[in-house]
Amino acid sequence: MEQPENCVLVIFGASGHLAEHKLVPALFSLYKRELLGNNLAILGVGRTPLDDASFREKMKRALNTADDTGHSPDAEVLEKFIQKLFYQSLDTKSAADYSKLQEKISSLDVQTQAQGNYLYYLAAPPNMFATIAHNLASQDLHREDNGKGFKRLIVEKPFGYDYDSARHLNEELHTVFNEDQIFRIDHYLGKETVQNLLVFRFGNEIYEPLWNRHHIERVEITAAESQGIEGRGGYYEGTGALRDMFQNHLLHIVGMIGMEPPAVFNADAVRDETLKVFESLRPISQQEVEQYVIRGQYTPATVGGTPVPGYREEEGVTSDSKTETFLAVKFFIDNWRWSGVPFYVRTGKRLPTRVTEAVITFKHTPQQLFRSSNTGEDRECNQLVIRIQPDEGILVRFNMKLPGAEFNMKTVAMDFHYSDLADVYTPEAYERLLLDAMIGDSTLYTRNDAVEACWRFVQPILDAWTNQPDQIKLYGYPAGTWGPREAHGLFDKEGQDWRYPCRNLAENGDFCEL
Ligand code: BG6
């Protein structure tokens, strides 16, 4: 596996939650697996007044809490890793502070022989992204000409708040960094199972000939979360499910399911193809929003015997909030492959379980020779379920003869679980993405044109909600249920419905009545 060159990694927002819970643990995991370059300095930057020692102590505490395997890290390995961490307090708005930052980076460069390779990770508040980029440039910390080493910028989500702000942010960043220096992160693209969509489709011959409007009846994607907003009311109030999950994570899954095979496997070829999908999304006009989009918000309920507050009771949320915690959208991709195939995508907080999956439902056989022992015509369609998390895997539902005198059919399932791959380590999304950025591979990062195309698609939905706040309904749904009943109404054929998944891939959950 390619090893990254020596570099200085500068994390803006290093005293925040993301750095402590995702980024530093991901770097530690890469370090343990000897996947980092020989020399790496990780420079945390933030407003909180810390020094190298107190930052190291804070990160050590976080890393010392047992990982997923239940084991605490080896003390010696941890100690060696901790020595790679440094800290510089900085007011991101103060231009003067960047000259101190420049000095610190230069000294770390000498120490690690980074030869001018700098990777900046913007985990700071989004309204600071452009300011940080400009201030880095004021210290000449952005140039990579004349063999000065690479200078790359990883930009966290949310990338923009709407179409105009995303375009504006792209313009601002481009005044300082070239597009090939900018890595817009979407952690869903770092998930193994999302990447597997490409291998599953383009590494097998079985499904690709069927992967089109002639054989597929509909595509369904669900990203359900059982948790609420986890104390992030301040962030979530101005965001909602459309911006938080749909515009980025879920449209990327649509891109992977919908794209044409790239001519070669490289960053531009793959991203050209996903862009074409985003550009082929049939616009939903403001007048059509009620017909194609259902929004909901969770209300108080007792879940598993425990009382759960409604969204409006959460800290940092107003008592008349209109922010959607649930979203279901039906849309079409107007191109040769997908013409007429409806895509149904839903996401929500405080649903019955945490599960993300894509379901491909194939068309009926042209003639019905056998009777199904199942009820409901939909059961007779073949289905392919691609489970992204948890119980990662793939399930195929097909019909077989029910043993006995007559030719009756029964739908059965074949399933593969990633957990069956013994001794295979599945990296966390941030591990893969950080490593890619250090190596300079942007295949799993979002390009400027794609981010704008996704915002262009969701903009009329945002506009309709802003312009008709009372006419377009926001449905309540009790915490712990599958969202508003109206989300069924998106299906236009008799007998069709969402799949109600359980944590276990092979089980179908029951629909919880509201
Ligand atoms: C984040 C959203 O981007 O993704 C969160 O801001 C959401 O609201 C999270 O909970 C879901 O990610 P995952 O990896 O847990 O599915």
Side-chain angles (χ1 to χ4, degrees), residues 13 16-23 25-26 29 67-68 121-126 129 154-161 166 183-197 221-254 256 295-298 308 311 314-317 321 323-327 345-358 386-393 418 426-434 444-446 451 454-455 458 479 483 501 503 505:
H17 187 271
L18 186 75
E20 182 174 335
H21 293 277
K22 296 284 182 194
L23 304 181
S29 175
D67 60 21
D68 287 353
Y121 197 116
L122 306 192
F129 292 167
I154 303 182
V155 188
E156 251 302 329
K157 73 171 272 249
F159 194 95
Y161 184 74
F183 290 64
R184 294 170 198 78
I185 201 161
D186 185 304
H187 80 279
Y188 264 57
L189 290 180
K191 290 183 190 279
E192 275 295 324
T193 40
V194 173
Q195 292 157 36
N196 186 47
L197 283 167
I221 298 169
T222 292
E225 292 182 275
S226 50
Q227 292 190 324
I229 51 166
E230 302 301 296
R232 294 196 306 157
Y235 158 76
Y236 203 82
E237 260 299 78
T239 308
L242 182 68
R243 290 184 173 98
D244 189 44
M245 291 291 291
F246 182 81
Q247 180 275 334
N248 35 56
H249 306 326
L250 297 178
L251 283 182
H252 277 300
I253 297 179
V254 171
M256 294 252 188
R295 59 174 173 163
Q297 191 185 75
Y298 60 84
V308 169
Y311 178 69
E314 300 272 16
E315 206 185 314
V317 175
S321 168
T323 301
E324 78 289 355
T325 59
F326 174 94
L327 180 82
V345 175
R346 72 181 162 168
T347 182
K349 301 234 180 244
R350 288 271 183 236
L351 300 189
T353 186
R354 173 178 182 256
V355 60
T356 304
E357 66 176 26
I386 302 169
R387 176 60 71 86
I388 288 161
Q389 62 189 21
D391 193 10
E392 292 80 357
Y418 270 71
T426 308
E428 280 289 316
Y430 280 99
E431 292 178 38
R432 169 69 198 254
L433 294 171
L434 279 163
L444 299 174
Y445 282 88
T446 314
V451 103
C454 291
W455 274 119
V458 305
R503 277 186 84 79
L505 170 61

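Numbers here simply count residues along the sequence, with the first being 1. Both counts, for ligands and for their atoms, begin at 1 and track the order of listing. These numbers come from the heavy atoms of this one structure, side chains and all, not from hydrogens, waters or symmetry mates.
When side chains are defined from C-beta on, K191 does not count as touching E392, because their heavy atoms never get closer than 4.5 Å.
Using a 3.5 Å distance cut-off with no hydrogens or angles, the side chains of E230 and Y236 do not pair a donor with an acceptor. Counting only N and O atoms by type, the side chains of E192 and T426 include no donor and acceptor under 3.5 Å apart. With hydrogens and angles left out, the side-chain atoms of Q389 and T193 include no donor and acceptor closer than 3.5 Å.
Rounded to the nearest 0.5 Å, atoms CD1 (I185) and OH (Y430) are 5.5 Å apart.
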Please produce the table of protein N or O atoms sitting under 3.5 Å from N or O atoms belonging to ligand 1, one pair a line, distance to 0.1 Å.
from: ligand 1; atom 1: 3 (O); to: K157; atom 2: NZ; distance (Å): 2.8
from: ligand 1; atom 1: 3 (O); to: H249; atom 2: NE2; distance (Å): 2.7
from: ligand 1; atom 1: 6 (O); to: K157; atom 2: NZ; distance (Å): 3.0
from: ligand 1; atom 1: 6 (O); to: R232; atom 2: NH2; distance (Å): 3.3
from: ligand 1; atom 1: 6 (O); to: D244; atom 2: OD1; distance (Å): 2.6
from: ligand 1; atom 1: 6 (O); to: D244; atom 2: OD2; distance (Å): 3.4
from: ligand 1; atom 1: 8 (O); to: R232; atom 2: NH2; distance (Å): 2.5
from: ligand 1; atom 1: 8 (O); to: D244; atom 2: OD2; distance (Å): 2.6
from: ligand 1; atom 1: 8 (O); to: K349; atom 2: NZ; distance (Å): 2.8
from: ligand 1; atom 1: 10 (O); to: E225; atom 2: OE1; distance (Å): 3.3
from: ligand 1; atom 1: 10 (O); to: E225; atom 2: OE2; distance (Å): 2.5
from: ligand 1; atom 1: 10 (O); to: K349; atom 2: NZ; distance (Å): 3.1
from: ligand 1; atom 1: 12 (O); to: H187; atom 2: NE2; distance (Å): 3.1
from: ligand 1; atom 1: 14 (O); to: H187; atom 2: NE2; distance (Å): 2.8
from: ligand 1; atom 1: 14 (O); to: K191; atom 2: NZ; distance (Å): 2.6
from: ligand 1; atom 1: 15 (O); to: R354; atom 2: NH2; distance (Å): 3.3
from: ligand 1; atom 1: 16 (O); to: Y188; atom 2: OH; distance (Å): 2.5
from: ligand 1; atom 1: 16 (O); to: Q389; atom 2: NE2; distance (Å): 2.7

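Because its NZ or CZ atom is not both nearer than 6.0 Å to the ring centre of F326 and within 45° of the ring axis, R346 does not count as a cation-pi partner of that residue.
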